[in-house]
2 protein chains.
Amino acid sequence: MLRSDITVAIRDAVMHELAEVGYGRLSIEAVARRAGVGKTAIYRRWSNKLEMVLEIVSDVAGRSVPLPDTGSFAGDLQLIMMIVSRALQHRIASQIIPDLMAEAARNPQIAETLQKALRTHQQAVGEKLVGSAVTRGELPEGTDPDLAVDLILGPLYWRLAVSRTKPDGAYLEKLMAAVTAALRSTAN
Amino acid sequence: MLRSDITVAIRDAVMHELAEVGYGRLSIEAVARRAGVGKTAIYRRWSNKLEMVLEIVSDVAGRSVPLPDTGSFAGDLQLIMMIVSRALQHRIASQIIPDLMAEAARNPQIAETLQKALRTHQQAVGEKLVGSAVTRGELPEGTDPDLAVDLILGPLYWRLAVSRTKPDGAYLEKLMAAVTAALRSTAN
DNA sequence: CCAGGACGTAACGGTTGCGTTCCGCCGTTT
DNA sequence: AAACGGCGGAACGCAACCGTTACGTCCTGG
């Protein structure tokens with residue numbers, strides 16, 4: 001039986017190594033060094049770097065956020081923005097996510113895994129959020145859930161993961177108001 | 001005198017190599033191979049990989065987009081979105097940009113270069129766009145140009161560079177309408 | 001008390017890349 | 001005609017990693 005404490009140490013090392021050097025430069029030897037583990041222990045678990053990273057990342061990403069339901073669109077929106085901005089300000093996540101996103105553009109396996117782990121869940125959240133809001137009469141019928149997701153995640157991702165300036169509370173409020181107005185307007 | 005045709009070949013090879021394998025795995029030997037050039041020719045021009053990439057990338061990124069002024073906010077917005085979505089659908093750009101963005105998160109030199117090449121220009125565009133719209137009375141006074149930039153670039157970047165689904169014309173129109181409504185609402 | 005298995009360490013041969021050096025070729029300049 | 005300089009090519013020593021193997025230790029279950 002493979003020792004679980006060793007497995008945990010490796011998973012942990014992979015995440016940190018991924019954050020520090022990125023997927024492209026991640027080496028099994030460095031992971032082993034960091035985890036305080038022999039290379040053999042790693043190869044006993046996975047047969048190569050890609051498989052290892054995919055398994056570990058999709059596992060972490062799979063522990064996904066529960067669907068929000070606060071009773072009002074404003075509440076749901078605020079909750080989602082809080083959760084996302086928390087996640088994207090996490091030191092490790094904010095390094096790993098853009099790195100893997102970029103890597104996904106050239107590695108179909110990574111793309112597929114990320115897609116499965118993130119996109120699917122996002123769509124579900126978007127549909128739930130918009131659906132409830134529409135039945136509550138807070139958003140016009142025919143509101144596009146995909147557009148909603150883009151409008152919510154896009155600016156946050158851009159600011160937090162790309163231009164990397166910390167948003168204050170006032171910014172988040174403005175953004176919330178703006179997104180709400182944007183979605184309300186899609187009446188036609 | 002360094003031969004300019006050789007320099008061009010190298011610059012070209014760097015961009016393509018960057019798109020294919022990313023900064024992390026970019027090797028000078030591969031660049032030389034691709035450019036059909038000796039390594040010596042490269043080292044005669046730059047002293048290492050980082051310096052080379054920074055010089056080339058900032059040069060390309062520096063050829064920046066002119067400030068739009070179509071006479072109306074709707075026109076300006078449409079123009080910007082067209083330009084951005086064109087740029088982000090460009091095969092090479094759409095691979096290089098997210099890759100360098102991710103790399104910037106761990107390399108201050110890259111971050112600074114990208115900041116200088118992109119962020120500064122974006123702010124200028126944002127201020128111009130919002131400023132003109134406000135004086136025309138198309139947007140309320142006090143509209144935040146940074147928020148505007150985030151609302152415009154965020155969703156486009158998210159869709160084109162991250163989730164990588166191709167937007168049709170209808171989507172772009174909806175997005176335009178949504179962004180306009182969002183910014184109009186920031187009256188308070 | 002013993003067998004099995006997971007472990008760390010060390011070494012293997014092979015590959016890739018670094019940044020440098022030296023060579024001979026060739027077009028310019030003078 | 002000769003000197004110069006950029007060029008490609010080849011090789012250098014060095015380092016990092018690959019994926020595999022052999023070995024000795026330690027823990028656990030039977």
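We name chains A, B, ... by the order of the sequence lines, and we start the count at 1 in each one.
Distances were taken from every side-chain heavy atom of A/Asn48 (C-beta onward) to each of D/dG19, C/dC7, C/dT20; the shortest belongs to D/dG19. The nucleotide whose nearest atom lies closest to any side-chain atom of B/Tyr43 is, among C/dC7, C/dG8, C/dG19, C/dG19. In this structure, of D/dT21, C/dC7, D/dC18, it is D/dC18 that holds the atom nearest to the side chain of A/Ile28. Distance from the side chain of A/Ile6 is smallest to C/dC7 among D/dC7, C/dC22, C/dC7. Side-chain proximity of B/Arg44 to the nucleotides D/dC17, D/dC7, C/dA6 is greatest for D/dC7. Of the candidate nucleotides D/dC17, C/dG8, D/dG8, D/dC17 has the atom lying nearest to any side-chain atom of A/Ser27.
Whole-Å rounding puts the B/Leu2 CG to C/dT28 P distance at 16 Å. Rounded to an integer number of Å, the gap from CD of B/Glu51 to P of C/dC18 is 15 Å. For A/Arg3 and D/dT28, the CZ to P distance is 9 Å, given to the nearest whole Å. Straight-line distance from the CD1 atom of A/Ile10 to the C1' atom of C/dA6: 11 Å, rounded to whole Å. Atom CZ of A/Arg34 is separated from atom P of D/dC17 by 13 Å (rounded to the nearest Å). We find that CD1 of A/Ile42 is positioned 11 Å from P of C/dC7, with the value rounded to whole Å. Atom CH2 in B/Trp46 sits roughly 15 Å away from atom P in D/dG6 (whole-Å rounding).
Within the 4.0 Å cut-off from OP1 or OP2 of C/dG17, at least one side-chain nitrogen or oxygen of B/Arg33 is found.
Although no hydrogens or angles enter the test, the distance criterion places no donor-acceptor pair under 3.5 Å between the side chain of A/Glu17 and the main chain of A/Val31.
Between A/Glu29 and A/Gly36, the residue anchored nearer the 5' end of DNA chain C, judged by the nucleotide with its closest heavy atom, is A/Gly36. Summary of the strand contacts: B/Ser47 and A/Arg45 both lie near DNA chain C, and taking for each the nucleotide with the nearest heavy atom, the more 5' one is attributed to A/Arg45.
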Taking it one step at a time, do A/Thr40 and A/Tyr43 satisfy side-chain contact (heavy atoms from CB on, under 4.5 Å)? CA-CA 5 Å; A/Thr40 33; A/Tyr43 280 111; 5.9 Å; no

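Using a cutoff of 4.0 Å between basic side-chain nitrogens and carboxylate oxygens, A/Glu112 and A/Arg119 are not scored as salt-bridged.
The cationic atom of A/Arg184 (NZ for Lys, CZ for Arg) does not lie both less than 6.0 Å from the six-membered ring centre of A/Phe73 and within 45° of the ring axis. Relative to the ring axis of B/Tyr23, B/Lys49 places its NZ or CZ within 45° and under 6.0 Å from the centre.
Among the atoms of the strands shown, base atoms are found under 4.0 Å from some heavy atom of B/Lys39.
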